Amino acid sequence: SVRYRQQVIDHERIASYAFAFDIDGVIVRGPETIPEARSALRMLNGENKYNIKVPYIFITNGGGRSEKARCKDLSKRLGITVTEDQVIQGHTPMKDLVPAYKNVLVVGGVLDSCRNVAQEYGFQNVYIPLDVMKWNPSVTPYYELSEEEKQVALDVDFSKISIDAILVFADSRNWAADQQIILEILLSKNGVMGTVAQDPSENQVGLYFAHSDFVWATDYGLSRYGMGALQVSIAALYQEHTGRELQVTRFGKPQRGTFRFAEKVLSNWRRNTLTEHVENLNLEDADATESEEEAEAGGEAEGLVLQKDSSLVLELPPASTVYFVGDTPESDIRFANSHDSSWYSILVKTGVFQDNKIPKYTPKHISDNVLEAVKFAIEREH
Ligand code: G3P
Ligand code: MG
């Protein structure tokens, strides 16, 4: 029926292109929200002259709290609803490590926030450096646990625990203590504190970092060291001890694994957006009098296939273009440029990258801020 056909075609109000946003330096700077971010996302939610809704997700190297908590914070800051299905943090794909390791030491973040995240992911025995420091304060001679830290630390005898892997989830808040403990475990016999391996190459403890950002943009005028800088420091200490190069597995941008993970998240999110939109159209079934051929023809709007029983199956082609907006050439632009030509990198000047330098990785476009980036992309598409 014509009515049905028009309604199905109406789903075209959902763009065939999509966006992915870096967070620090694009949407926020530390506790501050970048002012243009709110209007940029409202524009993608449909407040644009084409009256079109553009699906988007967030891909941050940040972390330290659950995706749920991160969404809540983003929703509040931006005045929109952001759901867990739209957010990938540095450590999100580390869920895949759960079956591989029993005893993990999770490093970084505030107090025991990362322990809670790792437990929610399903890791069985999750320890944090505060537990080690409570077990034996002499491990870190210059640091006394605060009352609050003593509260969250577990009572564990680490002389009886074999750490299988060290997972650096978020930025360390105590480089001296964390590095001291990480190096001791990497040089130990079977990951047991207080021991030293005869030959460091015998040590099988896995070492994983949620990302490798050497620096990142906060509310301070200059960039601050990130987890990538901690990796440099730990590798230098390990080299000094052993003469060997440290073996590390990295997650986050610009890694290929993160890109594949992001593609899946984006594809699911686009499907959610389209399904919700089509359902909201209150599509009636194809008119019963309509011949099968007509019904077939009527349903063939891009992205929607009308089944014989007039149910709708969303066979969604991949996004025609994914505009990725970031502030750090070494992670964001490299990430968007390296893995699939349908991703279009846009570098903004509100974070790590400042206009006075040539970016190490060349973006397809440079915008002053995230709102200009969104406007540029929408105009480019229409
Ligand atoms: O700790 C996170 C920081 O290194 C960068 O985060 O959102 O810019 O990927 P983001
Ligand atoms: Mg950033």
Side-chain angles (χ1 to χ4, degrees), residues 19-34 36-37 40-41 56-65 67 69-71 73-74 77-78 82 86-94 106-110 113-114 117 167-173 175 178 208-220 222-233 250-255 257-259 261-262 265 323-338 343 345-354 357 359-361 363 366-370 373:
F19 272 80
F21 293 104
D22 169 40
I23 296 180
D24 288 298
V26 174
I27 307 289
V28 307
R29 280 190 70 124
E32 289 160 16
T33 303
I34 291 175
E36 294 83 2
L41 294 174
Y56 56 86
I57 62 170
F58 298 94
I59 311 173
T60 175
N61 279 346
R65 46 189 159 162
E67 284 69 25
R70 186 74 169 188
C71 293
D73 175 61
L74 276 175
R77 283 170 179 258
L78 298 169
V82 177
Q86 283 176 281
V87 175
I88 300 168
Q89 299 189 109
H91 48 65
T92 307
M94 282 193 185
V106 172
V107 176
V110 177
S113 56
C114 287
V117 177
L167 313 178
V168 185
F169 259 41
D171 288 338
S172 167
R173 268 56 175 185
W175 279 41
D178 289 348
Y208 298 85
F209 283 84
H211 64 81
S212 315
D213 290 353
F214 185 66
V215 292
W216 64 298
T218 69
D219 51 338
Y220 183 60
L222 301 175
S223 300
R224 299 295 77 183
Y225 283 139
M227 208 184 282
L230 179 67
Q231 280 171 49
V232 170
S233 178
R250 296 178 176 89
F251 285 79
K253 299 165 289 180
Q255 308 305 327
T258 307
F259 187 85
F261 191 92
V265 168
Y323 291 95
F324 185 72
V325 185
D327 71 298
T328 308
E330 292 76 3
S331 68
D332 301 315
I333 305 309
R334 185 176 180 189
F335 178 73
N337 288 354
S338 307
W343 283 54
S345 56
I346 302 181
L347 182 60
V348 290
K349 306 174 189 172
T350 47
V352 167
F353 171 69
Q354 296 302 320
K357 277 198 264 174
K360 191 169 171 194
Y361 293 88
I366 296 181
S367 294
D368 286 341
N369 56 59
V370 62

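Note that ligands are numbered from 1 as they come in the structure, with each ligand's atoms numbered from 1 the same way. Both backbone and side-chain heavy atoms feed into the values below; hydrogens, waters and symmetry mates do not. Keep in mind it's a predicted model, so treat the numbers as computed, not measured.
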### Task
Mind running side chain to side chain contact (heavy atoms under 4.5 Å, CB included) on Phe324 and Ile346 for me, showing each step along the way?
CA-CA 6 Å; Phe324 185 72; Ile346 302 181; over 6 Å; no
## Note on the structure
Sorted by chain and number, sequence neighbours left out, ring-ring contact (aromatic ring centres under 6.0 Å, His included) with Phe353 holds for none
### Task
Verify the ring-centre separation between Phe261 and Phe259: is it less than 6.0 angstrom?
no
Output block, N or O contacts of ligand 1, threshold 3.5 Å exclusive:
unit_1, atom_1, unit_2, atom_2, d
ligand 1, 1 (O), Asp171, OD2, 3.2
ligand 1, 4 (O), Asp213, OD2, 2.9
ligand 1, 6 (O), Asp24, OD2, 3.0
ligand 1, 7 (O), Asp22, OD1, 2.8
ligand 1, 7 (O), Ile23, N, 3.3
ligand 1, 7 (O), Asp24, N, 2.8
ligand 1, 7 (O), Asp24, OD2, 3.3
ligand 1, 7 (O), Thr60, OG1, 2.5
ligand 1, 8 (O), Asp22, OD1, 2.7
ligand 1, 8 (O), Asp22, OD2, 3.2
ligand 1, 8 (O), Asp24, O, 3.0
ligand 1, 9 (O), Asp22, OD1, 2.8
ligand 1, 9 (O), Asn61, N, 2.8
ligand 1, 9 (O), Lys253, NZ, 2.8

### Message
Against Phe58, only a single residue in Val265, Leu74, Asp22 fulfils side chain to side chain contact (heavy atoms under 4.5 Å, CB included); can you say which?
### Response
Leu74
### Query
Using 4.0 Å as the upper bound for N to carboxylate O, is an ion pair formed by Asp73 and Arg65?
yes
### Query
If we ignore angles and hydrogens, is there a donor and acceptor under 3.5 Å between the side chains of Asn369 and Thr350?
no
### Under the side chain to side chain contact (heavy atoms under 4.5 Å, CB included) test, residues paired with Val232 that sit two or more places apart
Phe214
### Message
Below 30° counts as parallel, above 60° as perpendicular, anything between as tilted: where do the rings of Tyr208 and Phe251 land?
### Response
tilted
#### Entry: Value rounded to 0.5 Å, distance of CE in Met227 from NE2 in His91
8.0 Å
### Task
Would you list the protein N, O or S atoms within less than 2.8 Å of the Mg ion (ligand 2), leaving out water?
Asp22 OD2, Asp24 O, Asp327 OD1
